[in-house]
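Residue numbering restarts at 1 for every chain, and letters A, B, ... go by the order of the sequence lines. This structure is a prediction, so every number in the text was calculated from the model and none was measured.
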There are 2 protein chains.
Amino acid sequence: MAGKNISDLIERYLKEILAENDQIEIRRSEIAGLFDVVPSQINYVINTRFTIQNGYIVESKRGGGGYIRIEKANLLDDGEVLDALISGIGNRLSQRDGQTIVKTLYENGLIDRREANIILAVVDKNAYDVDNDLTEVMRANVLVSILNHLRYEK
Amino acid sequence: MAGKNISDLIERYLKEILAENDQIEIRRSEIAGLFDVVPSQINYVINTRFTIQNGYIVESKRGGGGYIRIEKANLLDDGEVLDALISGIGNRLSQRDGQTIVKTLYENGLIDRREANIILAVVDKNAYDVDNDLTEVMRANVLVSILNHLRYEK
DNA sequence: ATAATAATAGTCAATATTAGTCAAAGATTG
DNA sequence: CAATCTTTGACTAATATTGACTATTATTAT
């Protein structure tokens, strides 16, 4: 629990700031310098400790003036439904199963009609111009991405 | 929101003026001088931030009395907005351009915040678990599929 | 009129400045 | 000891900045 390793210290440092601001913007190299680690360790900390499951949204930009921004997500209380749906999706997903999931989301009040229609477009077999095997893989991935975004609102 | 590089500052400056006038006419070298950058950086800003996907139309003239004019595109109905956006998408689409499109959809009232959030999930770089080339192709396909669906709902 | 010159903007590629990925090596834990 | 987590760094990718060169239009000189 304490902070035996540097990643934990970096995590704690960032979370202390986030306790007072609901968003921070860092320069990766600065934080790395502060803790005397290689810059990519900051990515490691973010990928392991600031995920959406942990309640954080991370955005970044490269190039001059680049940054990494960490934001506290405003989590909704449908997390468990979403967890269940996500774990039910494997590596691939048929159009039919996708439609079933959309229906479940709608019936549980997680999305309205218009939102359902958008997601149905994503699940549609014509949305991917590749062979069926790859389509099923892509469909699974994209739908999971959507479900994860339904965890919070901006 | 981001604004630690000069291009962002120039963008913001121009958009502040455009918030009150629906068109502006600048002398490239003047703006460059104002921000102390080389003139061609103004082209960079325009090409990356004032495209049709962003909802702007740009015209210019060289020679004495030359100018660059930036105009807010005044698209009449939703169908026209969708046509313009779709025509700007080729076979591939970067995350950045995808985000720009979502923003334009929102600003034109075609989608609300929650819907924007869903489409952002589709456009997110983590939504496709394949190499970047294929991701860009898939992203273009799926987003076009969504845009076409937006035509027939309401 | 025509040609030369000045006054603009456009293009493109080199360089600079960031962040991201990935896998190997090392450390910790059970 | 095996599994997992952390640390490191070489390589990659995205974005921004710069400047040399080009293209277009207007003005001036002949």
Side-chain angles (χ1 to χ4, degrees), chain A residues 1-14 24-51 54 57-71, chain B residues 1-14 24-51 54 57-71 92-100 123-136 139:
Chain A
M1 238 204 237
K4 295 220 60 88
N5 62 65
I6 300 182
S7 288
D8 288 341
L9 293 180
I10 297 170
E11 174 188 10
R12 191 195 307 167
Y13 172 80
L14 296 174
I24 50 174
E25 211 170 277
I26 62 173
R27 289 252 307 292
R28 188 178 73 154
S29 59
E30 251 178 33
I31 303 298
L34 206 53
F35 289 89
D36 196 32
V37 297
V38 297
S40 61
Q41 181 152 0
I42 306 306
N43 296 90
Y44 174 73
V45 172
I46 284 172
N47 291 331
T48 54
R49 293 150 162 89
F50 291 88
T51 64
N54 282 310
I57 299 167
V58 179
E59 286 168 352
S60 63
K61 198 163 86 162
R62 307 186 195 185
Y67 59 83
I68 299 176
R69 182 167 51 228
I70 308 175
E71 223 179 313
Chain B
M1 274 242 191
K4 191 52 198 99
N5 64 66
I6 299 181
S7 290
D8 286 343
L9 295 179
I10 297 170
E11 172 190 10
R12 193 189 309 164
Y13 173 79
L14 296 174
I24 50 173
E25 212 169 278
I26 62 173
R27 284 243 318 288
R28 188 178 73 153
S29 58
E30 245 178 40
I31 304 297
L34 204 54
F35 289 90
D36 196 31
V37 297
V38 297
S40 61
Q41 181 152 0
I42 306 307
N43 296 90
Y44 174 74
V45 171
I46 285 172
N47 291 331
T48 54
R49 292 149 163 91
F50 291 89
T51 65
N54 274 294
I57 294 167
V58 178
E59 287 165 353
S60 64
K61 199 167 78 164
R62 308 186 194 186
Y67 59 82
I68 299 176
R69 180 168 53 227
I70 307 175
E71 226 180 311
R92 29 189 23 252
L93 184 71
S94 69
Q95 175 171 13
R96 197 187 199 211
D97 288 346
Q99 288 168 339
T100 296
V123 150
D124 194 285
K125 66 179 184 305
N126 299 123
Y128 308 84
D129 193 23
V130 292
D131 67 75
N132 198 255
D133 274 2
L134 185 52
T135 292
E136 293 215 337
R139 181 155 43 218

Output the rounded distance in Å from [atom1] ([X]) to [atom2] ([N]).
X       : N       : atom1 : atom2 : result
R27(A)  : dT15(D) : CZ    : P     : 17 Å
E136(B) : dA14(D) : CD    : C1'   : 11 Å
E30(B)  : dA9(C)  : CD    : C1'   : 14 Å
Y128(B) : dT21(C) : OH    : P     : 17 Å
I46(B)  : dA16(D) : CD1   : C1'   : 16 Å
K4(B)   : dA14(D) : NZ    : C1'   : 19 Å
N5(B)   : dA19(C) : CG    : C1'   : 14 Å
E11(B)  : dT17(D) : CD    : C1'   : 16 Å

Quiz prompt | Whichever of R28(B) and R28(A) has its nearest DNA chain C nucleotide further upstream toward 5' | solution = R28(B)
Exercise. Quick one: closest heavy-atom pair of N54(A) and F50(A), and the distance?
Key: ND2-N, 4.3 Å
Self-check item: Closest non-hydrogen atom pair between A32(B) and P39(B), with its separation
Solution: CB-CA, 3.7 Å
Self-check item: Residues which pass side-chain contact (heavy atoms from CB on, under 4.5 Å) with S40(A), listed by chain and number, not counting sequence neighbours
Solution: R28(A), V38(A), N43(A)
Quiz item: Should we count OH of Y13(A) as having more than 12 external heavy atoms under 6.0 Å?
Solution: no
Quiz prompt | Donor-acceptor contact present, side-chain R139(B) to main-chain L93(B), <3.5 Å | solution = yes
Quiz item: So, S7(B) side chain and V45(B) main chain: donor-acceptor pair closer than 3.5 Å or not?
Solution: no
Exercise. With Y44(B) as reference, evaluate I46(B), I42(B), T48(B) under the side-chain contact (heavy atoms from CB on, under 4.5 Å) test and give the passing residue.
Key: T48(B)
Less than 4.0 angstrom between a side-chain N/O of [X] and OP1 or OP2 of [N], yes or no?
X       : N       : answer
R96(B)  : dA16(D) : yes
N132(B) : dA14(D) : yes
S7(A)   : dC5(D)  : no

Quiz item: Are any non-hydrogen side-chain atoms of I24(A) and E71(A) less than 4.5 angstrom apart?
Solution: no
Quiz item: Do E136(B) and D131(B) have side chains that get closer than 4.5 Å, going by heavy atoms?
Solution: no
Practice problem: Give me the residues of residues 36-45 of chain A where at least one heavy atom lies under 4.0 Å from an atom of DNA chain C, by number, or none. | Solution: S40(A), N43(A)
Quiz prompt | Nucleic acid contacts of residues 59-68 of chain B, taken as heavy-atom distances under 4.0 Å to DNA chain D | solution = K61(B), R62(B), G63(B), G64(B)
Practice problem: Describe the nucleic acid contact of R69(B) in one word from base, sugar-phosphate, nothing, applying a heavy-atom distance below 4.0 Å. | Solution: nothing
